[in-house]
Amino acid sequence: MQNEAKTRKRQGNRVVLAPTMGFLHEGHLALIREGRRRGDVLVVSIFVNPVQFGPNEDYEQYPRDFEKDREMVQKEGADILFAPEPFEMYPEGFGTSVNVDSLSRCLCGISRPGHFQGVATVLVKLFNIVKPDVAVFGEKDYQQLLIVRRLAADLNFDMEIVGFPTVREEDGLALSSRNSYLTKDERVSAQSICQSLKKAQILVDCGINDSETIIKSATEIIGSRPEAKIDYISLCDPVTLQEVKTIDRPVLLAIAVKIGKTRLIDNMLLHP
Ligand code: PAF
């Protein structure tokens with residue numbers, strides 16, 4: 001991959017990377033299409049990155065369907081599918097990790113210690129291997145997107161980081177490979193996440209600007225579902241992720257909920 005990237009760049013091509021963990025859905029395809037538009041050589045990576053999963057998380061069960069993914073990637077006109085094995089990415093003796101300290105301590109960083117360190121580490125490796133001019137990421141993983149931007153700026157990666165809007169099911173559920181874990185009842189409960197985000201914007205439109213009321217409303221909507229266990233509901237600054245008390249500018253409403261055994265995240269920028 002490294003040699004191929006060097007050759008393609010020497011030929012004057014603009015290389016785009018769409019990093020994924022596979023089990024591709026329409027959300028990934030939207031990213032891949034965006035990537036296709038933004039450069040000459042589109043590389044899609046598929047790698048279920050072991051170091052971003054905690055010891056009690058779903059690394060082993062994470063859904064995988066390489067053949068289907070390969071067909072989809074080919075159909076979208078990607079030039080290169082990069083799918084390394086864990087032993088190639090983390091050979092014996094591997095001993096380096098990357099930590100974007102400032103943005104990793106809040107939100108998902110609290111209940112998933114080490115997660116963003118694993119994400120940052122694999123992305124630095126992917127960036128060094130693929131040497132992209134552009135990399136595309138979904139806004140559903142908003143904290144991840146901020147961390148990647150910080151990482152690229154701090155470590156002088158000479159590349160553009162593009163965020164792409166969340167793709168949703170008709171009923172609003174954000175697309176995620178983990179949605180495949182949901183039972184029929186859980187799938188219904190999962191709608192409450194997006195419902196609470198939409199309700200929040202309605203409240204803001206009605207002139208409510210204190211975080212407490214918005215968080216209370218979201219807690220009630222999600223909490224009314226028997227399978228739902230809220231991890232966090234946070235109103236925070238969209239750049240620093242620090243909590244805010246008053247919605248007097250665009251503020252991020254970020255939510256993480258366990259529906260049964262499935263941990264789902266979503267977010268929305270609320271505009272006063
Ligand atoms: O968002 C994901 O799928 C993963 O965190 C990423 C960016 C591919 C790194 O493993």
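Note that the structure is predicted; figures quoted are calculated from it, not measured. We're numbering straight along the sequence, starting at 1. Remember, it's 1-based here, ligands and their atoms both numbered in the order they're listed.
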Of all the atoms in ligand 1, which lie at a distance below 4.0 Å from a heavy atom belonging to Thr20? 8 (C)
If the cut-off is 4.0 Å to any non-hydrogen atom of Val122, which atoms of ligand 1 fall inside it? 9 (C), 10 (O)
Quick check on contacts: which atoms of ligand 1 are under 4.0 angstrom from a heavy atom of Gln52? 4 (C), 5 (O), 9 (C), 10 (O)
If the plane angle is over 60° it's perpendicular, under 30° parallel, otherwise tilted; pick one for Phe157 and Phe127. perpendicular
Less than 4.0 Å between a side-chain N and a carboxylate O, is that true for Glu67 and Arg70? yes
Subset of ligand 1 atoms that lie under 4.0 Å from at least one heavy atom of Gln144: 1 (O), 2 (C), 4 (C), 5 (O), 7 (C)
N-O pairing of Asp266 and Arg168 below 4.0 Å: yes
Starting from atom 3 (O) of ligand 1, locate the nearest protein heavy atom and write down its residue, its atom name and how far away it is, to 0.1 Å. Met21 CG, 3.6 Å
Pairs involving residues 84-101, ordered by first then second residue, that meet salt bridge (Lys or Arg N to Asp or Glu O under 4.0 Å) (sequence neighbours left out): Asp101-Arg105
Applying salt bridge (charged side-chain N to carboxylate O under 4.0 Å, His left out) to Glu71 and Lys68, what does each step give before you reach the verdict? CA-CA 5 Å; Glu71 274 171 30; Lys68 190 160 170 235; over 6 Å; no
